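Okay, structure first, notes after.
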Protein chains: 2
Amino acid sequence: MEIQKAPSKMYLDIVHELRDIIKNEGIKTGGKLPSERVLAERLQVGRSTVREALRSLELLGLIETKRGEGTFLADFQKHQFVEVLADFIMQQPESVDDVNETRRIHEISAIKAISRNSSLRTLPVWESLLAKIEHNGEILREDLIREMIIATENRLSLKIWFLLKQYSMVRFDAMTHGVENSLVKDMLQAVRSGNEIAALAAYKKWIDVVERERREKSNDSRHF
Amino acid sequence: MEIQKAPSKMYLDIVHELRDIIKNEGIKTGGKLPSERVLAERLQVGRSTVREALRSLELLGLIETKRGEGTFLADFQKHQFVEVLADFIMQQPESVDDVNETRRIHEISAIKAISRNSSLRTLPVWESLLAKIEHNGEILREDLIREMIIATENRLSLKIWFLLKQYSMVRFDAMTHGVENSLVKDMLQAVRSGNEIAALAAYKKWIDVVERERREKSNDSRHF
DNA sequence: AAGACAGTGGTGGTCTGACCACCAAAAAAT
DNA sequence: ATTTTTTGGTGGTCAGACCACCACTGTCTT
């Protein structure tokens, strides 16, 4: 028997002990953690307590569990916690504008970063994107933006942007349409030549077009 | 009996259902959630499953539990997860740069938004901040930035920034120090007069100072 | 009547043991 | 050698029990 007392948040202690275990055993990213039953035995607590700690860490994106296999140290770059936060934060409908605005913050930042950095703006990916426009005639808005944020190599920013984008898509299923070639080309060219001002101007025009379309669409079929 | 199947991450579904409950019942900050046993009955799952979801949300700082009383919607302050994250991420130092970079994206965006908007840059709060600098002689970096992001009225950006800020604070406990008056004043004045370029320049100088201090600090006491 | 006290019901915290679904590797059958 | 079956281990879930704690209530003392 011997039910453990709970002076304060036992599962939090487990979290810390897990950190120590990971550290001492030298478990690397993708490595396997001891099983829940082993941990319970080793830390002298019930399996459910161990699980509460593990689930918390999983929601934070620090570990990954696979049924039938085990628990693994996750690639920290996943930042899964952002999703849950977003879920809770976005309960208020008035925050839709905030979502779009925040998404643009990240988009603009990427455009600026690339325009200013000569090694970024000469990346071959821009050439191939331009070529694709010439061939197919159109390109998806988010594909282009995504490539840009990827180029900045800020994976957290990319993650946040991706989530905000998804949320926008659910709210109003626009955004997946193609865009005017001229605007895209203007922007890409400006970015490539390091003309930050022109790139941002083209971006703003682009946004305006999207916004106008969205408004018209929501007028056509207003569900509210 | 009738043990539930687990197509995928049952406790994650609970997290979502909890969000709906909070939404539909109109539970406000500090409000009380249904008890674990009631939730289990209502959602037709075991109590332990409910608890796994609750513990996850607690680590994220979204709810607060008091033994003998109940579970409450937290007033977003605790955010215990930040320390846990920092603890774990020490081993993957490259993601720290992403966090700092992303935080700056939001800070710069706020500075620009305020500089460009005449009704924002003439807010009385800037006057009182300047006055406070004259009196006390110093001001906390994050207080100023926070006021700026608040002024933009983008609550999502504020939320994200707040989280990233805490994250940085745990990682290297600098950042809470006061800053040079001249730089702060330069920036505030530039913002007030709508001089975006100057404001950003002052901001950049500021960042450089902080960065240099941080580097020196980590050189003084290198634990590695 | 006012305050101190013990009881009571509800809540979170934990443990146990059981069963299910799943997976990978070993063992058996072909 | 290849395919199939078995088996052991793993996470996922459940039910019921007990503990520690807290707010409330009704009683008892003064």
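Note that this is a predicted model, so its numbers are computed, not measured. A note on names: the letters A, B, ... follow the listed sequences, proteins ahead of strands, and every chain is numbered from 1.
In this structure a side-chain-to-backbone donor-acceptor pair under 3.5 Å is missing from E153(B) to I150(B). In this structure, R121(A) contributes its side chain and I114(A) its backbone to no donor-acceptor pair below 3.5 Å. Without hydrogens or angle criteria, S56(A) side chain to E52(A) main chain gives a donor-acceptor distance under 3.5 Å. With hydrogens and angles disregarded, a donor-acceptor distance shorter than 3.5 Å links the side chain of N24(B) to the backbone of D20(B).
Using a 4.0 Å cut-off between charged side-chain N and carboxylate O, R55(A) and E58(A) make a salt bridge. Between K132(A) and E147(A) there is no salt bridge, since no side-chain nitrogen of the basic residue lies less than 4.0 Å from a carboxylate oxygen of the acidic one.
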Contact list (N/O, under 3.5 angstrom) for nucleotides 8-12 of chain C vs protein:
unit_1	atom_1	unit_2	atom_2	d
dG10(C)	N2	G68(B)	O	3.1
dT11(C)	O2	G68(B)	N	3.2
dG12(C)	OP1	T71(B)	N	3.4
dG12(C)	OP1	T71(B)	OG1	2.9
dG12(C)	OP2	E36(B)	N	2.9
dG12(C)	N7	R37(B)	NH1	3.0
dG12(C)	N7	R47(B)	NH2	3.4
dG12(C)	O6	R37(B)	NH2	3.1

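Comparing the local axis fitted to the first five base pairs of the helix from dA1(C)-dT30(D) to dT30(C)-dA1(D) with the one fitted to its last five gives a bend of 20°, rounded to 10°.
When rounded to the nearest whole Å, the span between CD of E52(A) and P of dC15(C) equals 9 Å. If you measure from atom CD of Q44(A) to atom P of dT14(C), you get 15 Å, rounded to the nearest angstrom. Rounded to an integer number of Å, the gap from CG of L39(A) to P of dG9(D) is 16 Å.
Other residues, nucleotides and ligands contribute at most 12 non-hydrogen atoms within 6.0 Å of the CD atom of E41(A).
If you run side-chain contact (heavy atoms from CB on, under 4.5 Å) between L18(A) and each of V50(A), L62(A), L39(A), only L39(A) comes through.
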